[in-house]
Asks: 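I'd like to ask you about the structure that follows.
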Amino acid sequence: MRRFLATALVTGALVTGVAGSAAAVTGKGLLYHDGNIVRTVVNPAPVPGGGTDPFYAVTNGVGGQLGIAGVAPGDGGYNGGAWAVNTVTFNPGVTPYPLPSDEAVFAAEAAGDVTVSRVPEADFRCPVLP
């Protein structure tokens, strides 16, 4: 059940408008990276426990919250989108606010606003477009 939920969450965080029919396997999506919106090809391939690039999926954020890529092409340490999935959950009593970068996630965690949890069984590969 946890794997299903994590996979659904990650897919939802990636896809903001899949091109093609509902039966299509590959589409396009959007992510945040360093406060900017970047494009991705949505054709996730599982790599359970094998992700190396940090990815953050917000479970209960503001409307329109995108997934957050910790690295992208041109960054040192980018491994082609082999995502190490982390869920980010706003803590009870905290009003969600936009998180457009991994730095914003770290600041929210340090402030006690969110809890970040590693979900290795949800790791996947999905490249960011340059």
Asks: Between the side chains of Asp102 and His33, does any donor sit under 3.5 Å from an acceptor?
Replies: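 No - no donor-acceptor pair under 3.5 Å links their side chains.
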Asks: Locate the shortest heavy-atom distance separating Thr87 from Val119; write the atom from each residue and the value.
Replies: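 Shortest heavy-atom separation between Thr87 and Val119 comes out as CG2-CG2, 3.8 Å.
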Asks: For residues Thr115 and Asn91, is any side-chain donor paired with an opposing acceptor at under 3.5 Å?
Replies: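 Their side chains do contain a donor-acceptor pair, which is all the 3.5 Å distance test asks for.
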Asks: Examine distances only and state if a side-chain atom of Asp113 and a backbone atom of Ala108 form a donor-acceptor pair shorter than 3.5 Å.
Replies: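 No, the answer is negative, given that no donor and acceptor are paired below the 3.5 Å cut-off.
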Asks: With side chain to side chain contact (heavy atoms under 4.5 Å, CB included) as the test, would you mind laying out the steps for Glu103 and Asp34 before giving the verdict?
Replies: CA-CA 8 Å; Glu103 291 86 358; Asp34 288 344; 3.5 Å; yes
Asks: Between Asp53 and Arg125, does any side-chain N to carboxylate O distance fall below 4.0 Å?
Replies: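 No salt bridge links Asp53 with Arg125.
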Asks: Can you tell me which residue pairs pass the ring pair (Phe, Tyr, Trp, His ring centres under 6.0 Å) test with a partner in residues 59-79, sequence neighbours excluded?
Replies: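 Qualifying pairs, neighbours excluded: none.
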Asks: Given side chains that start at C-beta, do those of Leu99 and Gln65 come closer than 4.5 Å, heavy atoms only?
Replies: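 Contact flag for Leu99/Gln65 side chains = yes.
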Asks: Heavy-atom distance under 4.5 Å between the side chains of Phe106 and Tyr56, does that happen here?
Replies: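 Of all side-chain heavy-atom pairs linking Tyr56 with Phe106, at least one is under 4.5 Å.
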Asks: Is there a side-chain contact between Ile68 and Val105 in this structure, where contact means two heavy atoms from C-beta onward sitting under 4.5 Å apart?
Replies: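 Yes, at least one pair of side-chain atoms sits under 4.5 Å.
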Asks: Quick one about Thr52 and Asn79 (side-chain donor to acceptor, distance below 3.5 Å, no hydrogens or angles considered), yes or no?
Replies: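 Distance-only check passes for Asn79 and Thr52.
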Asks: Is any side-chain heavy atom of Pro54 closer than 4.5 Å to one of Val71?
Replies: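 Side chain of Val71 against side chain of Pro54, heavy atoms only: contact under 4.5 Å found.
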Asks: Check whether any side-chain heavy atom of Pro48 lies under 4.5 Å from a side-chain heavy atom of Asp123, and answer yes or no.
Replies: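 They are not in side-chain contact.
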Asks: Of all heavy-atom pairs between Pro73 and Val128, which one has the smallest distance, and what is that distance?
Replies: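 Residues Pro73 and Val128, closest heavy atoms: CG-O, 3.5 Å.
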Asks: Counting N and O atoms only, with roles assigned by atom type, does the side chain of Glu121 sit under 3.5 Å from a partner on the main chain of Gly49, one being a donor and the other an acceptor?
Replies: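 Answer holds: no.
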Asks: Please check: side-chain N/O of Ser101 versus main-chain N/O of Gly35, any donor-acceptor pairing under 3.5 Å?
Replies: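 Side chain of Ser101 to backbone of Gly35, a donor-acceptor pair under 3.5 Å: no, none is there.
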Asks: Give a yes or no answer on whether the side chain of Arg39 reaches the backbone of Gly29 with a donor-acceptor pair at less than 3.5 Å.
Replies: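 It does not hold such a pair.
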Asks: Could you tell me which non-hydrogen atom of Cys126 sits nearest to which non-hydrogen atom of Val42, and how far apart they are?
Replies: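 Looking at all heavy atoms of both residues, the shortest contact is SG-CA, 3.8 Å.
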Asks: Step by step, work out the side chain to side chain contact (heavy atoms under 4.5 Å, CB included) result for Val58 and Tyr32.
Replies: CA-CA 12 Å; Val58 182; Tyr32 281 124; over 6 Å; no
Asks: Report yes if the side chains of Leu129 and Val41 come closer than 4.5 Å at any heavy-atom pair, otherwise no.
Replies: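 Answer yes - side chains close enough.
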Asks: Please confirm whether Phe55 and Phe124 have ring centers closer than 6.0 angstrom.
Replies: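 Distance test on ring centres: under 6.0 Å, yes.
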Asks: Kindly give the heavy-atom pair with the smallest separation between Arg118 and Val85, and that separation in Å.
Replies: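 Taking every non-hydrogen atom into account, NH1-O, 3.0 Å.
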